[in-house]
Asks: 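Questions regarding the structure given below will be posed in turn.
Protein chains get the first letters and strands the later ones, always in sequence-line order, with residue 1 at the start of each. All values below were derived from every heavy atom in this structure, side-chain atoms included, with hydrogens, water molecules and symmetry-related copies excluded.
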2 protein chains.
Amino acid sequence: MQQQSRASQVSLPKEPVQRAWVALQRFGPALLDRVETELKAAGFPALEWYDVLWAIEREGPLRQRDLAGHMLIARYSISRLVDRMEEDGVVTRRECPEDGRGQMVHATPAGLNLRKAMWSVYGKAMREALAPLSEKEKLQLTAILTKLA
Amino acid sequence: MQQQSRASQVSLPKEPVQRAWVALQRFGPALLDRVETELKAAGFPALEWYDVLWAIEREGPLRQRDLAGHMLIARYSISRLVDRMEEDGVVTRRECPEDGRGQMVHATPAGLNLRKAMWSVYGKAMREALAPLSEKEKLQLTAILTKLA
DNA sequence: GATACTTTGTTGCAAAAGCAACAAATATTA
DNA sequence: TAATATTTGTTGCTTTTGCAACAAAGTATC
């Protein structure tokens, strides 16, 4: 959503459950949004593109199924996301040898370049977004969120 | 997005910043999603409706501007959200006395009822979603997220 | 008080998400 | 193996989002 001149008047409730919930529902997405905005401002595509490319770069060509699993998004979303990325030339679909239904999604050289270019902005934005936290707090946050998975 | 049979194979990176970021980007939304899914399954509208109704119930009729501020969403989104809610009969727009541009959004009795009904599902789902955390952890989570705002 | 600037809310159009139905391939089971 | 069920991916249709432009009201500046 982006532009949000007006300061967010967020008052947290009293009970711990609700406080945590509200914080999670509000500040998490707000952070995400800030970073996405920076990416967009730099002329890059959204984070999902990065996620796809990075997953493939780490683990090699992946099936759409696995991409969906990684990114926690619906099958049809992946299907269309890959459509767009393929159209843009950053990935290609190839047959899956051991499963006739499958589509192996490969990254193209252009895709690898894009990912690297995005990282220069993304990595910085991410670090800035989390800068208010100490190292210890970052680990605490991770630990707590992991419990919720 | 909902249905996600396949377990999410999420491997966290090593550096604290990235771990925290990945956790935030992934587990937060996943929680939200779970709760939204329960609401939907119970035949209720999305969380935003609840948020609007609850904000009005707490603070009285609000301008769209203020709703947007509360919920951290774009103006045009509020505009349309209120359109839909009005059409559904849970809120009404009235003139704003001291600002000719303004729209005061009021909740109707039906709206108040809806909010209460939603809470019975929402509150429970929220509690369950955060159940893995101790009270102390909930407060820690809140404190940490608040720093990020 | 006329001028420019900002804020608030709306809208047309294009892009993306969600739902439900589907075909094709694979797994399961009897 | 035949019949049934499940998984994977796609697609038409509808709803929602995002962008950009806009009008109307308000604010500030001169």
Asks: How close or far is atom C1' of dT11(C) from atom CG of Leu81(B), stated in whole angstroms?
Replies: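 So the CG-C1' distance, Leu81(B) to dT11(C), works out to 16 Å.
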
Asks: Where along nucleotides 10-17 of chain D does protein come under 4.0 Å, by heavy atom, of base (B) or sugar-phosphate alone (S), with - for untouched nucleotides?
Replies: BBBB--SB

Asks: Find out whether Arg127(B) and Glu15(A) are in side-chain contact, i.e. whether some heavy atom of one side chain is under 4.5 Å from a heavy atom of the other.
Replies: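 A side-chain contact under 4.5 Å exists here.
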
Asks: Just the rounded figure in Å: distance from C1' of dG9(C) to CZ of Arg94(B).
Replies: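 Taking CZ of Arg94(B) and C1' of dG9(C), I get 19 Å after rounding.
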
Asks: For the pair made of CG in Leu62(B) and C1' in dG9(C), what is the distance, rounded to whole Å?
Replies: 16 Å

Asks: Please state whether the phosphate of dG18(D), meaning OP1 or OP2, lies under 4.0 angstrom from any side-chain nitrogen or oxygen of Lys40(A).
Replies: no

Asks: Take atom CE of Met104(A) and atom C1' of dG9(D), then tell me their distance rounded to the nearest Å.
Replies: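 In whole Å, dG9(D) C1' and Met104(A) CE are 14 Å from each other.
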
Asks: In whole angstrom, give the distance that lies between atom CG of Leu67(A) and atom P of dT7(D).
Replies: 19 Å

Asks: Mind calculating the distance between CZ (Arg65(A)) and P (dA25(C)) to the nearest angstrom?
Replies: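 About 16 Å, once rounded to whole Å.
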
Asks: Please determine whether residues Trp119(B) and Met85(B) belong to a single hydrophobic cluster, defined as Ile, Leu, Val, Met, Phe, Trp and Tyr linked transitively by side-chain heavy-atom distances below 4.5 Å.
Replies: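 Per the 4.5 Å side-chain linkage, Trp119(B) and Met85(B) are co-clustered.
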
Asks: Roughly how many Å is it from CD in Glu98(A) to C1' in dA25(C), rounded to a whole number?
Replies: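 After rounding, the reported distance stands at 13 Å.
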
Asks: Only counting residues at least two apart or in another chain, list the ones meeting side chain to side chain contact (heavy atoms under 4.5 Å, CB included) with Ala107(B).
Replies: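 Checked Ala107(B) against side chain to side chain contact (heavy atoms under 4.5 Å, CB included); matches are Leu53(B), Ile56(B), Leu112(B).
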
Asks: Would Leu148(B) and Leu24(B) satisfy side-chain contact (heavy atoms from CB on, under 4.5 Å), going step by step from the backbone distance to the final call?
Replies: CA-CA 11 Å; Leu148(B) 293 174; Leu24(B) 206 49; 4.2 Å; yes

Asks: If we only count heavy atoms from C-beta on, is the Val91(A) to Thr108(A) side-chain gap below 4.5 Å?
Replies: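 When only atoms from C-beta onward are counted, Thr108(A) and Val91(A) do not touch, as no gap falls below 4.5 Å.
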
Asks: What is the minimum heavy-atom distance between Leu47(B) and Gln25(A), and which atoms define it?
Replies: CD1-NE2, 3.7 Å

Asks: Grab the CZ-C1' distance between Arg101(A) and dT6(D) for me, whole Å please.
Replies: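 Rounded to the whole Å, the gap is 8 Å.
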
